[in-house]
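As a basis for the values below, the full set of heavy atoms in this structure was taken, side chains included, without hydrogen atoms, waters or symmetry mates.
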Amino acid sequence: MPSHVAVIMDGNRRWARMRGLPVGSGYEAGARAFRSIVELCCNWGIRVLTVFAFSSDNWFRPKVETDFLMGLFERGLRDELQHLTSAGVRISIIGDVSRLLKPLQVLLADAMETTINNSRLHLIIAVNYSGQNDIVQACQKLAIKVKDGLIEPEEINEFLVERELETNCTDFPHPDLLIRTSGEIRISNFLLWQLAYTELYFAHSLWPDFGEDEFREAVYSFQRRQRRYGGQKS
C-alpha cells in the first residue's frame, strides 16, 4: 500500500457541462468524491493524502468561479472539520494563503491547530499552490541563511532544499503514487520536486466519478510496478 498518495482532482467543470448543469454543481460533486477518497485512505491505511485543491494559476479563471470555489472550500471545511478531527485526520495547508480572505485564513489555521496531534491520516491540502514557487521560496530561504552566515553555499544539497519545501510538514514528503483524473496527462505545476520518483497514474474518469473502484484500480496499478529509483532491475 502506498504511504503517500497525491491527487490532482481534475474534471469537475467538464462533468457539469456534460450534464447541462452549472459549473458549481461539478465542484459540489467533486467535494463529495473528495470526502469518499479521504474515508478510503483512512480505511486502507494510507498515511498521507495530498490534494491539489486550488492552483495559483486558477486565479485566471472567471472571478465568479473562483469566488464560488473559495466559498465551497470554506463551507466544506467548516462542515467536515469535526468529523475529520474525530476520525483522526491531521490537516496541513501548503501554498500561499495570504491571498485568501481573512475568515478562510483563520479557519485554515484553526483546522491545522485543532488536528495537529491526529495521526490516522495526514491530509495535506494545496491551496493557491505552485510547485515552481515552492522551489523558489525554498531557494530564497537558503539564500538568506547563506547571507546570515548560517551555511556555506557549497553545503546546500537536496536534503537542505527539502527541509525548506512546504511538504516538510510530513514525514513522507515524496508521494509514492500520483493520480490525475479526467484523462489529462500532465502534472500542472504540482509538487515538482517531490514527484521525482513518484509512480504516475492517469485515470479517464472525471473527478466527480472517481470512486472506490477507480481508486482501487489506481492502487493495484501501483502495486504491480517495480520501483527502481534509477537503479537496475533486481
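For residues 102-116, no residue pair satisfies the salt bridge (Lys or Arg N to Asp or Glu O under 4.0 Å) rule, not counting sequence neighbours. Sorted by first then second residue, the side-chain hydrogen bond (donor to acceptor under 3.5 Å, both in side chains) pairs that include residues 139-153, not counting sequence neighbours, are Gln137-Lys141, Lys145-Glu164. Sorted by first and then second residue, the salt bridge (Lys or Arg N to Asp or Glu O under 4.0 Å) pairs with a member in residues 190-216 read Arg19-Asp209, Glu199-Arg225, Glu199-Arg227, Glu212-Arg216; sequence neighbours excluded.
In terms of the ring pair (Phe, Tyr, Trp, His ring centres under 6.0 Å) criterion, Trp15 has no residue partners (sequence neighbours excluded). Glu28 meets the salt bridge (Lys or Arg N to Asp or Glu O under 4.0 Å) test with no other residue; sequence neighbours excluded. With sequence neighbours left out, the side chain to side chain contact (heavy atoms under 4.5 Å, CB included) criterion links Asn58 to Phe54, Ser55, Arg61. The ring pair (Phe, Tyr, Trp, His ring centres under 6.0 Å) check on Phe190 picks up Phe52, with sequence neighbours excluded. Applying the ring pair (Phe, Tyr, Trp, His ring centres under 6.0 Å) rule to Tyr197 yields the partners Tyr229; only residues at least two apart in sequence or on another chain are considered. With sequence neighbours excluded, the residues satisfying side chain to side chain contact (heavy atoms under 4.5 Å, CB included) with Asn157 are Phe159, Leu160. Shown here are the ring pair (Phe, Tyr, Trp, His ring centres under 6.0 Å) partners of Phe215, two or more places apart in sequence or in another chain: Trp44.
Residues near Val106 contribute nothing to a hydrophobic cluster around it, because no ILVMFWY side-chain heavy atom sits closer than 4.5 Å to its side chain.
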Side-chain donor-acceptor pairs of residues 75-83 under 3.5 Å, sequence neighbours excluded:
residue, atom, partner, partner atom, Å
Arg75, NH1, Gly71, O, 3.4
Arg78, NE, Glu74, OE2, 3.4
Arg78, NH2, Glu74, OE2, 3.0

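A donor-acceptor pair shorter than 3.5 Å cannot be found between the side chains of Glu217 and Tyr201.
Annotation: side chain of His122 is in contact with side chain of Cys169 (closest heavy-atom distance under 4.5 Å).
Summarising the geometry of Ile8 relative to Arg186, their closest heavy-atom pair is CD1-O, 4.3 Å, with the distance given to 0.1 Å.
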